[in-house]
Amino acid sequence: MRKENSDFKTAFVSEAGSFIDNRDYFAFVELEDMACYVIADGLDTDREVHSAKMAVSVILESFMEKPSLSRRKIRQDLEAAHEWLKFESRRVRLKASVLVVVTNYTKMVWASCGNARLYQFRGGRLNLRSKDQSLAQLLLEDGRVSEDGLSNHEERGNLLSYMGRPDRFEPYISEKTPLSDGDVLLLCTPGIWEEVELPEMLDALAESSDPDSLTDTLEDIVLSKQRQTVNNYTAAAIYVNKTFAEKPKNRKKWIMRIAIILLTMAIAGGGIWYAKARQAAKLADTVMQMTEYEQEGDEYATAGDYPKALKAYSEAKNAASKLKDKLHFQLLRNKQRVAQAVTDGDEYVKDGSFDMAVDSYTKALGEADKYKPFKVEDIEARIERSAAIAKLTEVIKEGDLQFQNQDYNRALETYKKAYRAAIEANYPGGQKQLETKMEETENKIDNIHRETKTLQADNLEKKGDRALAVLDYNGAIEAYKLAQEIYQEIDKLERVLAMERKIAKADEKRNPIVPASGQADSAGVSAGSGVSGAQTQGQGAYGSSGSRNSGGGSDWSGASGAGGNGASGYTGGGNQGSSGSSPANANAGSASGQSQSSANQGTAGPATGAEETGSGSENTMNNSQERSDASDGGGES
């Protein structure tokens, strides 16, 4: 498409000159969208391999594989030819000067290595000329050689770079250069440009209307020189009669693209501004947090609350780290270190490690005076308190040893002394510990006191029992009362009541109940008149005895005689049981004889009976007392 809408005319001339072989080579390819023109001058003398032809062939093959106006692609094509020459350098080193022109019929890019040249003529004038990679070119650029003298300078063939160079290959590749209608491109080897001066080229160009005539004219000029030796010469002329006119750019489309780009940049710029604004706001917040945390830490440190100060300083230090504020970071870290040392000292005190506590406080004291929030006197007081608590601990250990040795009174005194010291040292933990120890010690002392009192009371009670046993009622009551007082002192209420009962019992024994006089008469009457009763009992009691001793008639009289001694006989029976039967019976036998005698004597009987009755009444009272105390009288009423 581009080729059809453009007009590029090409012609060339290439001859061996005075030599047998022409070691120059030119070839080109014009594709639909691009064209490539390559001219080379073989620099080696290998008769079997033509390095120029090989280089041109490789470059054109590479170009046709992937036509491109890219400088990178053109370099790759040249490097492929360079490597190929190096690979084929078996007998001699193959080398060549190469010039490449690639065009899309609108623009062109040329590349050169060595001293093959490109001339661009526009409007009958030279528009540009490629630079040789030779020492003469450097001399020209240094101003040591004139442009006119370059073509014949002795160093024009001293190449600094060429294709096939073993160490390095550095071709020159131009930027994209626009072509214009009427441009003439002339590619030539040294055989042309060494013989044809620029003015001669311009004259030839002026006289020529097409590339064929131009190349022929150039050849005529070379030959007209009539040199003794004519080098290989090659000239290729490209007449750019018409370039491909590209479609005008869509202005609206480009405006839209530019607008989109500007909008994108604006948005990006806005986003960046927004991000920066947010970052600035975040930094401001961080600064505020750092300041607030530091002030908070200072307040806590001034108040002596070092754990809270430590936490606040830590937060402030983190904020300073986010801000990358090294100055505040170091300051806050120092404050944090002081607070940490004091806090560690407090913990050591709680654990009882007073030496470590003093060391930690001393460490804090060494830096505290550098910072205003920390009070040196407060830290010094903590050191003194640690020392005091350490001494207090030794006192407590002394008290514990006394307690273990059951020296409770001394242990209690020691604990009280330590307790007062704990209050002075403001050591609540020690106070609580000592309160527990003192309570335990006091309990021990109380128990010992109670046991002692109990033993004392028990001894008094036993003393009372022994006194009661020997009928020493007063001594028994006195001992019981003393025991009762002790029991009451130690709150043994059961024992107090027991002593009360014993006291009452002893008192009853000491002061037996005396019957009233009416009751005594009644008892005498009962004793006298109670013959019938006695008789009744005697009849019951001795009925069998009478039956064993005599018949029925003597039984009655015997029973009557026994009426006075019936009670006595009963008493003996009451005290001795069956063992009393012998003496009782003996007395009874005697009494019975007296009774019988009294009965026979008439009046004497009642008097004797009355006396016996009185004795019987006394015995009766004793028996009553015994019945009230002993169960063996329970059957009598």
Side-chain angles (χ1 to χ4, degrees), residues 1-10 28-38 59-60 62-80 99-112 117-131 170-187 205 211 236-284:
M1 180 65 73
R2 285 176 173 268
K3 183 171 184 277
E4 293 177 356
N5 294 282
S6 59
D7 185 9
F8 280 60
K9 298 294 184 183
T10 304
F28 68 98
V29 58
E30 293 179 344
L31 304 177
E32 289 297 326
D33 294 329
M34 290 189 182
C36 181
Y37 308 89
V38 184
I59 291 171
L60 288 178
S62 299
F63 170 77
M64 288 188 291
E65 287 179 359
K66 186 178 180 181
S68 174
L69 201 64
S70 167
R71 298 174 69 230
R72 181 177 181 183
K73 177 62 170 56
I74 294 172
R75 176 182 291 277
Q76 290 176 353
D77 295 342
L78 291 174
E79 288 180 348
L99 177 73
V100 179
V101 175
V102 179
T103 178
N104 60 357
Y105 304 105
T106 302
K107 298 177 182 177
M108 71 171 179
V109 175
W110 80 90
S112 67
R117 286 184 180 181
L118 168 66
Y119 291 86
Q120 182 187 23
F121 300 101
R122 177 174 296 173
R125 297 181 179 179
L126 180 65
N127 189 42
L128 67 85
R129 182 184 68 83
S130 63
K131 294 181 179 179
E170 297 178 352
Y172 171 80
I173 301 175
S174 72
E175 299 292 338
K176 293 179 180 177
T177 303
L179 294 173
S180 299
D181 295 345
D183 286 352
V184 176
L185 303 178
L186 177 62
L187 290 72
L205 182 63
I238 305 168
Y239 272 61
V240 183
N241 297 325
K242 180 184 178 184
T243 58
F244 175 75
E246 294 184 349
K247 184 178 180 180
K249 303 291 184 183
N250 190 337
R251 295 177 59 86
K252 185 177 181 180
K253 182 178 179 181
W254 278 101
I255 291 173
M256 288 295 295
R257 288 181 178 178
I258 293 172
I260 292 172
I261 292 172
L262 292 175
L263 180 61
T264 303
M265 293 177 64
I267 294 173
I272 293 172
W273 177 86
Y274 178 72
K276 287 186 175 296
R278 287 197 60 184
Q279 185 178 6
K282 188 175 181 180
L283 289 175

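Side chains included, hydrogens not; waters and symmetry mates left out as well; all remaining heavy atoms used. This chain uses plain numbering: 1 for the first residue, then up along the sequence.
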(Q) Give me the atom names and distance for the closest heavy-atom approach of Met34 to Leu69. (A) CE-N, 3.4 Å

Q) With under 30° as parallel and over 60° as perpendicular, where do the rings of Phe28 and Tyr37 fit, or are they tilted in between? A) parallel

(Q) Quick check for you: to the nearest 0.5 Å, what is the distance between Phe63 atom CZ and Gln76 atom CD? (A) 14.0 Å

Q | Short side-chain to backbone donor-acceptor contact, Arg2 and Phe244, under 3.5 Å | A | no

Q: Indicate yes or no for a side-chain donor-acceptor contact from Arg71 to the backbone of Ser174 under 3.5 Å, with no hydrogens or angles considered.
A: yes

Q) Got Lys131 and Tyr172 here, is their nearest side-chain heavy-atom distance under 4.5 Å? A) no

Q: Quick one: pull up CG in Leu187 and CG in Leu99 and give me the separation to the nearest 0.5 Å.
A: 4.5 Å

Q) Shortest non-hydrogen contact from Ser68 to Ile74? A) O-CG1, 4.3 Å

Q. With a 4.5 Å limit on heavy-atom distance, are the side chains of Cys36 and Val100 in contact?
A. yes

Q) Got Asp33 and Asn104 here, is their nearest side-chain heavy-atom distance under 4.5 Å? A) no

Q) Between Thr103 and Ala35, is there a donor-acceptor pair closer than 3.5 Å when you use the side chain of the first and the backbone of the second? A) no

Q. Given side chains that start at C-beta, do those of Leu205 and Tyr119 come closer than 4.5 Å, heavy atoms only?
A. no

Q. If we only count heavy atoms from C-beta on, is the Leu185 to Met108 side-chain gap below 4.5 Å?
A. yes

Q) At their closest point, which heavy atom of Lys3 faces which heavy atom of Leu31, and how far apart are they? A) CD-O, 3.4 Å

**Q.** Polar side-chain atom of Lys73 near backbone of Ser62 as donor-acceptor pair, under 3.5 Å
**A.** yes

Q. Does the side chain to side chain contact (heavy atoms under 4.5 Å, CB included) test come out yes or no for Tyr105 and Asn5, once each step is laid out?
A. CA-CA 9 Å; Tyr105 304 105; Asn5 294 282; over 6 Å; no

Q. Does Asp181 use its side chain to pair, donor to acceptor, with the backbone of Thr243 at less than 3.5 Å?
A. yes

Q: May I ask you to test the Pro211-Thr10 pair for a side-chain heavy-atom distance under 4.5 Å?
A: no

